[in-house]
Amino acid sequence: MKVGILYSRIRRDEKLLLGELRERDHEIEKIDVRKQQFSLSAPPDSFEDVDILVDRCLATSRSLYTTQFAEAYGIPVVNSAETAAVCANKVKNSLALQKAGVPTPATEVAFTKSAALDIVEEFGYPCVLKPVIGSWGRLMAKLDSRSAAEAIFEHKETLGHYEHKVFYIQEFVEKPDRDIRVLAVDGEPIAAMVRSSEHWLTNAAKGAETDTFELDDEAKELVADASEAVGGGLLGVDLMETAGSQSDPDSSGQDARETGYTVHEVNHNVEFKALNDATDIDVPARVVDWLEGKVEAAQ
Amino acid sequence: MADETITAEDPITGEEIEIPADVEVGEIIDSPITGAELEVLSVDPVELEEAPELEEDWGE
């Protein structure tokens with residue numbers, strides 16, 4: 001098959017993927033999106049004859065637009081534009097999980113400092129403020145007091161661009177110093193790991209320690225449901241272990257199941273190098289298996 | 001292969017540096033001299049340039 005890799009930066013993740021594709025003698029078109037021009041009617045030359053495009057754009061904005069163009073040209077792309085749109089935005093992500101009945105931390109959104117302060121006072125301290133668009137744990141704030149919340153909201157309102165004036169506030173989930181990252185293809189887990197840190201942020205990008213994790217049936221079911229909720233694809237599903245968050249039906253009155261987990265995020269442009277290192281599973285091989293299956297099914 | 005190196009010119013200092021022989025176009029490597037991130041523009045011959053700054057919407 002001919003695979004087009006949409007990229008602007010080759011991370012170790014892309015290098016692993018390229019290595020596996022080459023090992024299987026697949027034809028590869030590396031497509032640097034910074035050099036492309038997208039017309040409304042015809043695909044760029046670099047898209048010619050590709051069986052599937054794999055969106056590995058590091059910049060969310062580029063990912064959102066290139067996947068839309070690919071679909072407009074009728075070229076299969078993973079992940080889909082819909083998946084990218086839902087996963088790239090935490091509000092859309094949370095709404096999709098909630099709609100699908102997947103347990104997710106209690107979350108509220110406000111557009112002004114005073115309304116945001118009302119939310120944090122209702123949640124109590126600590127609670128968490130997240131940027132609507134963002135990754136790697138950047139610009140996340142654990143709000144420990146009203147004075148801290150006032151200061152952060154004022155900074156965001158004054159200094160941030162308009163996306164920062166959307167205050168996305170979430171309950172603080174008391175997790176056991178770790179969260180769980182599951183890499184899944186169309187809801188089927190490839191591998192899972194725990195990311196542990198004494199810091200409240202447990203992103204691998206923030207230096208958390210990683211270790212392999214065996215998923216139980218409940219977690220597997222949540223991963224499948226979370227994947228379906230955002231439109232499927234190659235995804236990183238993030239879960240926290242909880243003894244019962246505010247998202248369970250008893251406490252929120254919402255249509256979510258009571259489980260030992262809560263799904264806080266689904267990532268569409270998932271990095272997997274840390275997972276590949278943490279587990280015995282050949283992650284890029286499994287990803288390429290999935291791509292081959294996709295292309296075969298489309299033919 | 002992974003341990004083999006080739007030489008290239010550091011775009012910031014102009015000095016010769018050793019980089020992994022299996023670099024890809026588009027890959028980011030750290031300059032062993034300045035620690036700055038360098039982007040591989042081409043591999044034959046190897047041409048490097050200072051990598052773009054991290055942007056807010058970058059991530060996974």
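This one's a predicted model, so the numbers in the text were calculated from it and none came from an experiment.
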Can you tell me how far [atom2] of [Y] sits from [atom1] of [X], rounded to the nearest 0.5 angstrom?
{"X": "A:L139", "Y": "B:E56", "atom1": "CG", "atom2": "CD", "answer": "6.0 Å"}
{"X": "B:E55", "Y": "A:S8", "atom1": "CD", "atom2": "OG", "answer": "9.0 Å"}
{"X": "B:E60", "Y": "A:N269", "atom1": "CD", "atom2": "CG", "answer": "8.0 Å"}
{"X": "B:D57", "Y": "A:L64", "atom1": "CG", "atom2": "CG", "answer": "8.5 Å"}

Considering all heavy atoms of both residues, which atom of A:K30 and which atom of B:V25 are nearest to each other, and what is their separation?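 Distance-wise, the nearest heavy atoms are NZ-O, 2.8 Å.
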
Nearest heavy-atom neighbours spanning A:S135 and B:G59: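 Minimum heavy-atom separation between A:S135 and B:G59: CB-CA, 3.4 Å.
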
Test your reading of the model: is there a side-chain donor-acceptor pair from A:K15 to the backbone of B:D22, 3.5 Å cut-off?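 The answer is yes, because a donor-acceptor pair under 3.5 Å joins these two groups.
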
Taking the side chain from A:R138 and the backbone from B:W58, do they hold a donor-acceptor pair closer than 3.5 Å?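 Yes, the answer is positive, given that a donor and an acceptor are paired below the 3.5 Å cut-off.
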
Non-hydrogen atoms of chain A under 4.5 Å away: do they reach the side chain of B:L54, the backbone, both or neither?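 When you check distances to chain A, only side chain atoms of B:L54 fall under 4.5 Å.
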
Which bit of B:V40 comes within less than 4.5 Å of chain A, counting heavy atoms only: side chain, backbone, both or neither?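 Neither the backbone nor the side chain of B:V40 comes within 4.5 Å of chain A.
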
Considering only heavy atoms, which portion of A:R12 lies under 4.5 Å from any heavy atom of chain B: side chain, backbone, both, or neither?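 Contact with chain B is absent: no heavy atom of A:R12 under 4.5 Å.
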
Heavy-atom cut-off 4.5 Å, strictly under: side chain, backbone, both or neither for A:R11 against chain B?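 The side chain, not the backbone.
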
Going by the side-chain contact (heavy atoms from CB on, under 4.5 Å) test, name the single residue among B:E37, B:E27, B:E39 that passes it with A:R9.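 For A:R9, the side-chain contact (heavy atoms from CB on, under 4.5 Å) test succeeds with only one of B:E37, B:E27, B:E39, which is B:E37.
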
Can you tell me if CD on A:E209 sees more than 12 non-hydrogen neighbours from other groups inside 6.0 Å?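 Open: at most 12 neighbouring heavy atoms sit under 6.0 Å from CD of A:E209.
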
Looking at A:Y65, I want to see if its OH is surrounded by more than 12 non-hydrogen atoms of other residues, nucleotides or ligands under 6.0 Å.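 Not more than 12 within 6.0 Å, no.
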
Without placing hydrogens or testing angles, list every side-chain donor-acceptor pair under 3.5 Å for residues 41-50 of chain B, not counting sequence neighbours.
unit_1: B:S42; atom_1: OG; unit_2: B:P45; atom_2: O; d: 2.7

So which of A:R56, A:E14, A:R22 has the largest heavy-atom pair count under 4.5 angstrom toward chain B?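 Going by pairs under 4.5 Å, I would pick A:R22.
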
